[in-house]
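Proteins come first, then strands; the chains are lettered A, B, ... in the order of their sequence lines, and each starts at number 1. This is a predicted model, so every value here is computed, not measured.
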There are 2 protein chains.
Amino acid sequence: MPMQDMHLVHHECGDCPIRHRAVCARCESDELARLEQIKYYRSFQAGQTVIWSGDRMDFVASVVTGIATLTQTLEDGRRQMVGLLLPSDFVGRPGRATAAYDVTATTDLVMCCFRKKPFEDMMLTTPHVAQRLLEMTLDELDAAREWMLLLGRKTAREKIASLLGIIARRDASLKLKAPKGAVTFDLPLTREEMADYLGLTLETVSRQVSALKRDGVILLEGKRHVTIPDFDRLMEEAGDDSDGGMLG
Amino acid sequence: MPMQDMHLVHHECGDCPIRHRAVCARCESDELARLEQIKYYRSFQAGQTVIWSGDRMDFVASVVTGIATLTQTLEDGRRQMVGLLLPSDFVGRPGRATAAYDVTATTDLVMCCFRKKPFEDMMLTTPHVAQRLLEMTLDELDAAREWMLLLGRKTAREKIASLLGIIARRDASLKLKAPKGAVTFDLPLTREEMADYLGLTLETVSRQVSALKRDGVILLEGKRHVTIPDFDRLMEEAGDDSDGGMLG
DNA sequence: CGCAGGCTTTGATGTAAATCAAGATCAGGA
DNA sequence: TCCTGATCTTGATTTACATCAAAGCCTGCG
């Protein structure tokens, strides 16, 4: 459990534990109080659209529970998911008036929203909020770039393995245990959503999931419940560069 | 010419006009002086590596002149470019010790570097530097997500058209004129580099460039000098969603 | 119960782009 | 000048994935 999360847990977070992780890792109580005044919750049902690309967006928010997706669409309907929002993830851009992507609730979803103007005002006076947001944005940028490698250069099988690995890891980190040995989770995405994320068709996703199952890399109970008997094996299938830094 | 650039031009920027655009859009003279103390320049020849992924990186920097690329590589050698750094672009991450990508000079390159520790210290005391950096990072994130759409869903021809459009636009913005009607520029990338950027092979890039030439979408003098007789036509070929926001 | 509408799987076929393979073009150096 | 190596083009062939098509499988609802 990283130091920073410790700190958060020890705060009096009320019913929005995520908020502090998202915007307020080093916050003081008076800032907490200010955040309190400008926050509100919104709930969405699975499948509902939170906001359409181009819509006026007068809030920023973080996910409390559930999963949301960011997608972009070409005129002819080709879709590409560009982000997956899990609990604690932040969405919205200070200083921009309209949404840049379609945001959709994949599961039932609760978001903790902050009205944009007061949030921006607070950012100006409390520097570490901006700094925390910078950190988070840099993390997202890294994730986006990893995804570019996946989209540009990985095979369908590697893409599926990578996605399963990412979901398993994020799932495990929420439960505060590292993915060693066997891991089990429920897929929060349909085959079509997986396809939209991976730049594939749903048929190819289905075939490759079947192939990974056939080869014993994953086990399936029903269509959604996945267990990964050997996480390292999955990571090999994902084709990732495993040296992970530390050359010089 | 946007207001912000006006502001910059009117600063006494010495020989590093870019620095202020990169980190210091609203800066005061004492901050300028502090930046001055921790900055230094580094030059690289075309083809030289600035830093390898995983190497210790004790600076952040912005490009003054020339072009650099960020690339990621799979163990088996498959390469994907994840960023193109043009003059004024920023590279490096406050709060991280090692480089996450290979950074390579595509042309002769001059970078304005700031030692990381003092830069981080300054960020803590001068909030708007962090805010400027946040804006830039959010822009980069948007660009990365647009690139994800390209990599995941566009055809080879659309990819090439998109890349030419991006280079034309950025080139034009540096010259402070908007790309209306005919535009002319030199390709700063080899066919192979274009391929690495677009998730294609160099042969496919070559074929599609030839096809666009054959169809009159672009004109070529030699292999690198491109002129685009009709920018809108090129954008149609790029397949981008042209409604560009403003639905609700 | 039985049917309807999402999902998902699986098969047959088509195709865009990769791969393999020659050459062509160009710039720089001996 | 010609050679050399890098870059680029073009052609022939292969292949991974898309597309088209049909069924299977759940879940919920009348």
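- Relative to the ring axis of B/Y101, A/R145 places its NZ or CZ within 45° and under 6.0 Å from the centre.
- When the P atom of C/dC7 is taken as reference, atom CG of A/D196 falls 13 Å away, rounded to whole Å.
- Crowding of A/E192 atom CD: a count of heavy atoms from other residues, nucleotides or ligands under 6.0 Å not exceeding 12.
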**Item:** Reading 5' to 3' through nucleotides 3-8 of chain D, protein heavy-atom contacts under 4.0 Å coded B for base, S for sugar-phosphate only, - for none
**Value:** -----S
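- Smallest separation of non-hydrogen atoms from A/R170 and A/S88: NH2-OG, 4.5 Å.
- Evaluation of the salt bridge (charged side-chain N to carboxylate O under 4.0 Å, His left out) rule for A/R191 yields no partner, not counting sequence neighbours.
- Rounded to whole angstrom, the span from the CZ atom of B/R153 across to the P atom of D/dC17 amounts to 13 Å.
- Side-chain N or O atoms of A/D196 include none that pairs as donor or acceptor with a backbone N or O of A/M81 at under 3.5 Å.
- Atom-to-atom, CZ of A/R78 to C1' of C/dA16 comes out at 13 Å; the value is rounded to the nearest Å.
- Distance B/L151 CG to D/dC17 C1': 17 Å, rounded to the nearest Å.
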Each nucleotide N or O in nucleotides 19-21 of chain D that has a protein N or O under 3.5 Å away: list the pair and distance.
residue : atom : partner : partner atom : Å
D/dT19  : O4   : A/R207  : NH2          : 2.9
D/dC20  : N4   : A/E203  : OE2          : 3.1

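- Contact check on A/D186 versus A/K223 returns no salt bridge, with no Lys/Arg side-chain nitrogen under 4.0 Å from an Asp/Glu carboxylate oxygen.
- The separation between B/R214 atom CZ and D/dT9 atom P is 13 Å, rounded to whole Å.
- Counting any heavy atom pair closer than 4.0 Å across all strands shown, A/G199 reaches sugar-phosphate atoms only and no base atom.
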Between N or O atoms, less than 3.5 Å apart, protein on one side and nucleotides 13-16 of chain D on the other: list the pairs.
none

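- Taking the side-chain hydrogen bond (donor to acceptor under 3.5 Å, both in side chains) definition, one finds that B/T71 meets it with nothing, sequence neighbours left out.
- Rounded to an integer number of Å, the gap from B/K159 NZ to C/dA16 P is 14 Å.
- In plain terms, the two heavy atoms of B/I167 and B/L187 that are nearest each other are CD1-CD2, 4.0 Å.
- Applying the salt bridge (charged side-chain N to carboxylate O under 4.0 Å, His left out) test to every pair with at least one member in residues 157-168 of chain A, sequence neighbours left out, gives these pairs: A/R157-A/D215, A/R157-A/E237, A/E158-B/R78.
- Look at A/R153 and B/D76 and you find no salt bridge, because none of the NZ, NE, NH1 or NH2 atoms lies under 4.0 Å from a carboxylate O.
- Across the protein-nucleic acid pair, B/R79 atom CZ and C/dA18 atom C1' stand 18 Å apart, rounded to whole Å.
- Among all heavy-atom pairs drawn from B/Q80 and B/Y197, the shortest one is NE2-O, 3.0 Å.
- If you measure from atom CD of B/Q208 to atom C1' of C/dA18, you get 13 Å, rounded to the nearest angstrom.
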